[in-house]
Amino acid sequence: MEDINSFNIDRFEKMIDGARRIAIVTHMKPDGDAIGSCTALYHYLKACGKSGVKIILNDRHPAYLDFLADSIPTSDLIISAELPQEAHILLKDSDLILCLDFNAFHRTDSLEQALAESKADKILIDHHLNPKREDFDLVFSETDISSASELLYSVLIETRRIAHDPSALPPMSATALMTGMTTDTNNFANSTFPSTLKMASALLTTGVDRDYILMRLYNQYSENRIRLMGHVLKDLMTVTDDGVAYIILDRKTMDDYDIKEGDTEGFVNIPLSIDRVRMSFLLKEDEGKVRVSIRSKRGTSANRCAVRYFNGGGHENAAGGKLHIPEDIKGMEDAAEYIETHTHIFLKEENGDKE
Ligand code: 5GP
Ligand code: MN
């Protein structure tokens, strides 16, 4: 963790001390790690006595994360999709912007321009590959870590306020950090490092209620999600001879099951449990594009595939991107062929690279 050193921690604390208006931002379509790290940092800053702290999101979090977001006063949680002007002005007028769980401004979608134009100091705390370091005044970047939440924990624990005593974290910060780590590791199924288990142990010791977090995350899905999952696994999942599994969800299918944001969370992981599957894709129809989630087994790079053929990126074994309509594919009906053709080329290239 090269970026976590006394010089950078000192700068982190000084930037916070010197700021009056602080904005916290994260990537579009925020997931558990995004909302977890934002919520944790918000409560830490409040405990530091900061009054003007706002979390600014491109779009609203999925309902299963309400238990975190409900801890933020509504006046401090601004959704740019609902109040674009306010979000823009708040970012423009901030003294300090803390950027969590993304590696480049465009990952915030509608906030990109305001971030680029803002004169505020910007701090990045992120665990993705290839962060755009030059866009930030202070960078905490680490990829051998479970989540942005774990990285934030590692930063906060070094501050004078917390001073290596996790029980000094506000309880809601501790809960939110545990939540973000849990969702990004799929409940300790992947990206779990010795430091991850150490953090989990330390947070449990402070009294974090993990049973409650797991209940909120995994036992409160809609019935329709489970019924769609049945339909997907029986009728909508294809596995190619290359060992590529893909699932295509068009708008009509999602409407038929009344699927909300977050309801398809985890679908992309399921086909990876098949022995011959090396990579798994979930494609979801969106306005003018298809959103793509990619997961891979060790030895196959979801990240490189996302960068090369899906206008995206992410982590080695968990990445994402998009296909634009009509630039990449004419319509949803061409999505299957695009996946089959391009993953075939990709896997051949990768094998070639290794030879
Ligand atoms: P998910 O499949 O859960 O949406 O995303 C998996 C990972 O890929 C996340 O770490 C996410 O940040 C990254 N990712 C998802 N979509 C994109 C994208 O469009 N561009 C880039 N650069 N990364 C993405
Ligand atoms: Mn993350």
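Counting starts at 1 for both ligands and their atoms, following the listed order. Keep in mind the model is a prediction, meaning the values are calculated, not measured.
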Ligand 1 atoms in contact with [X] (distance to a heavy atom under 4.0 Å):
X      : value
Ser293 : 1 (P), 2 (O), 4 (O)
His315 : 10 (O)
Gly321 : 16 (N), 17 (C), 18 (C), 19 (O)

Ligand 1 to Gly313 polar contact by distance, N or O atoms, under 3.5 Å: yes

What I want to know is whether Val292 and ligand 1 share at least one N or O pair that is separated by under 3.5 angstrom. no

Check the orientation of Phe67 and Tyr212. Use parallel for under 30°, tilted for 30 to 60°, and perpendicular for over 60°. perpendicular

Between [X] and ligand 1, which residue portion shows a heavy-atom distance shorter than 4.0 Å: side chain, backbone, both, or neither?
X      : value
Arg295 : side chain
Arg291 : neither
Arg107 : side chain

Within the 3.5 Å criterion, strictly below it, is a donor on [X] or [Y] matched to an acceptor on the partner's side chain?
X      : Y      : result
Lys260 : Ser222 : no
Tyr338 : Asp328 : no
Ser110 : Asn58  : yes

Quick one: the OD2 of Asp33, the Mn ion (ligand 2), OD1 of Asp101 angle, rounded to 10°, please. 90°

At what distance is the nearest protein heavy atom to [atom], and which residue and atom is it?
atom                    : answer
atom 9 (C) of ligand 1  : His128 NE2, 3.8 Å
atom 7 (C) of ligand 1  : Ala318 O, 3.6 Å
atom 19 (O) of ligand 1 : Lys322 NZ, 3.1 Å

Would you say Glu327 has more than 12 foreign heavy atoms packed within less than 6.0 Å of its CD? yes

Kindly confirm whether the Mn ion (ligand 2) is within less than 2.8 Å of some N/O/S atom in Asp31? no

The Mn ion (ligand 2) contact by His128, N, O or S atom under 2.8 Å: no

Could you check whether Tyr309 and His342 have their ring centres less than 6.0 Å apart? yes

Check Ile247, Ile339, Leu249 against Leu283 for a side chain to side chain contact (heavy atoms under 4.5 Å, CB included) and give me the one that passes. Ile339

Which N, O or S atom name in Asp184 marks its closest approach to the Mn ion (ligand 2)? OD2

